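Written below as structure tokens is the structure these notes are about.
Naming: A, B, ... by sequence-line order, numbering from 1 per chain. This one's a predicted model, so the numbers in the text were calculated from it and none came from an experiment.
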2 protein chains.
Amino acid sequence: MFGSYIRKLRKERGLSLRKLAEAVTVEPSYISKVERDLVAPPSEETIKRISEVLEHDADVLLAVGGKISSDLRQAIIKRPELFSRLIRVVNEAPEDLVVRILGEVQDGEW
Amino acid sequence: MFGSYIRKLRKERGLSLRKLAEAVTVEPSYISKVERDLVAPPSEETIKRISEVLEHDADVLLAVGGKISSDLRQAIIKRPELFSRLIRVVNEAPEDLVVRILGEVQDGEW
DNA sequence: TGTAGTGTGTATTACATAGTACACAAATGT
DNA sequence: ACATTTGTGTACTATGTAATACACACTACA
């Protein structure tokens with residue numbers, strides 16, 4: 001999944017596999033294997049560099065690779081009761097509702 | 001950190017290291033090393049078993065061990081834009097405010 | 001004074017993670 | 001025709017993760 005996802009992105013950017021590899025500072029053969037899903041998705045750091053080169057949301061790319069950004073992990077780990085509850089509750093709630101809450105929290109309407 | 005944390009819990013429960021090890025189905029020497037932080041915290045599965053035996057919140061124990069429950073990870077990974085934003089926004093907000101939001105979302109007051 | 005239970009030390013292991021290094025073949029450009 | 005670029009195949013490696021296995025020494029206790 002991750003492989004085909006970034007291969008498509010790369011082609012849309014008109015970038016060769018080798019150019020991507022160079023920009024990300026990994027071996028071309030590694031990108032080749034990654035794009036065909038012959039190996040597991042790269043590390044968090046490498047995925048983040050890929051997201052910059054391909055100009056794609058890092059959180060989404062990490063998620064496609066089955067990972068979570070370490071700053072999110074740290075936030076959760078620092079207040080586990082709060083965030084565990086929050087995530088589980090929100091996960092049950094319909095998305096549009098959550099989006100509305102988010103907007104209001106952000107706008108300081110509380 | 002994790003080690004001293006569970007050692008304290010275990011003593012409070014009046015449990016011997018070996019009894020804990022047996023209940024968790026790992027080697028006593030392993031628990032010994034874990035409790036003195038000579039090795040990294042156990043796997044998610046093992047921490048969850050420890051949390052049951054010691055009757056302590058699993059999310060908190062996982063967090064002390066630097067981990068996040070896989071069900072939370074899956075929730076985030078399925079809707080990365082939503083949850084990444086949510087976590088970052090909430091992380092900036094004061095806790096009491098977040099707790100109030102949580103309560104209201106739960107109570108279906110939206 | 002054994003023997004049962006306590007915690008610990010040392011050595012080892014299986015598997016996963018995250019890649020590198022380098023050679024090769026096909027297509028493209030000039 | 002030749003050089004360059006493109007993607008790929010094969011082999012190898014270093015580090016981390018998550019433990020096991022077993023022997024040892026100390027304390028309690030009956």
The side chain to side chain donor-acceptor pair (under 3.5 Å) partners of A/S4 (sequence neighbours excluded) come to none
Quick one: name the residues clustered hydrophobically with B/L15, using the 4.5 Å side-chain heavy-atom rule over I, L, V, M, F, W, Y, and just say none if it's on its own.
B/F2, B/Y5, B/I6, B/L9, B/L17, B/L20, B/V24, B/V26, B/Y30, B/I31, B/V34, B/V39, B/I47, B/I50, B/V53, B/L54, B/V60, B/L61, B/L62, B/V64
Take the protein atom CD of B/E27 and the nucleotide atom C1' of D/dA18, then report the distance between them rounded to whole Å.
13 Å
Listed by chain and number, what are the salt bridge (charged side-chain N to carboxylate O under 4.0 Å, His left out) partners of A/K19, not counting sequence neighbours?
none
Contacts satisfying salt bridge (Lys or Arg N to Asp or Glu O under 4.0 Å) that involve residues 35-45 of chain A (not counting sequence neighbours) are A/R7-A/E35, A/R10-A/E35, A/E44-A/K48
Of residues 62-69 of chain A, the positions that come close to DNA chain D - non-hydrogen atoms, cut-off under 4.0 Å:
none
Measure the OG-CZ distance between B/S43 and B/R49 for me, rounded to the nearest 0.5 Å.
6.5 Å
Hey, what do you get for CZ (A/R18) to CD (A/E27), rounding to the nearest 0.5 Å?
9.0 Å
Would you call B/F83 and A/L72 a side-chain contact if the rule is heavy atoms closer than 4.5 Å?
no
Which residues end up grouped with A/L38 if you chain together Ile, Leu, Val, Met, Phe, Trp and Tyr wherever their side-chain heavy atoms are less than 4.5 Å apart?
none
Sequence neighbours excluded and cut-off under 3.5 Å, please list the side-chain donor-acceptor pairs for residues 73-82 of chain A, or say none.
{"unit_1": "A/R79", "atom_1": "NH1", "unit_2": "B/E95", "atom_2": "OE1", "d": "3.4"}
{"unit_1": "A/R79", "atom_1": "NH2", "unit_2": "B/N91", "atom_2": "O", "d": "3.4"}
{"unit_1": "A/R79", "atom_1": "NH2", "unit_2": "B/N91", "atom_2": "OD1", "d": "3.3"}

Just call it for A/V26: base, sugar-phosphate, or nothing, with non-hydrogen atoms closer than 4.0 Å on any strand.
sugar-phosphate
Return the CG to CD1 distance between B/L86 and A/I87, rounded to the nearest 0.5 Å.
7.5 Å
Hits for salt bridge (charged side-chain N to carboxylate O under 4.0 Å, His left out) against A/E12, two or more places apart or cross-chain, chain-then-number order -> A/K8
Strictly by salt bridge (Lys or Arg N to Asp or Glu O under 4.0 Å), give each pair with a member in residues 53-65 of chain B just once, sequence neighbours left out.
A/R88-B/D59
Considering only heavy atoms, which members of residues 49-58 of chain B lie under 4.0 Å from some atom of DNA chain C?
none
Students should find that the nucleotides of DNA chain C closing off the region near chain A, any atom under 4.0 angstrom from a heavy atom, are C/dA18 to C/dC22
Can you give one letter per nucleotide of nucleotides 5-13 of chain D, 5' to 3': B if a protein heavy atom sits under 4.0 Å from the base, S if only from the sugar-phosphate, - if neither?
-BBBBBB--
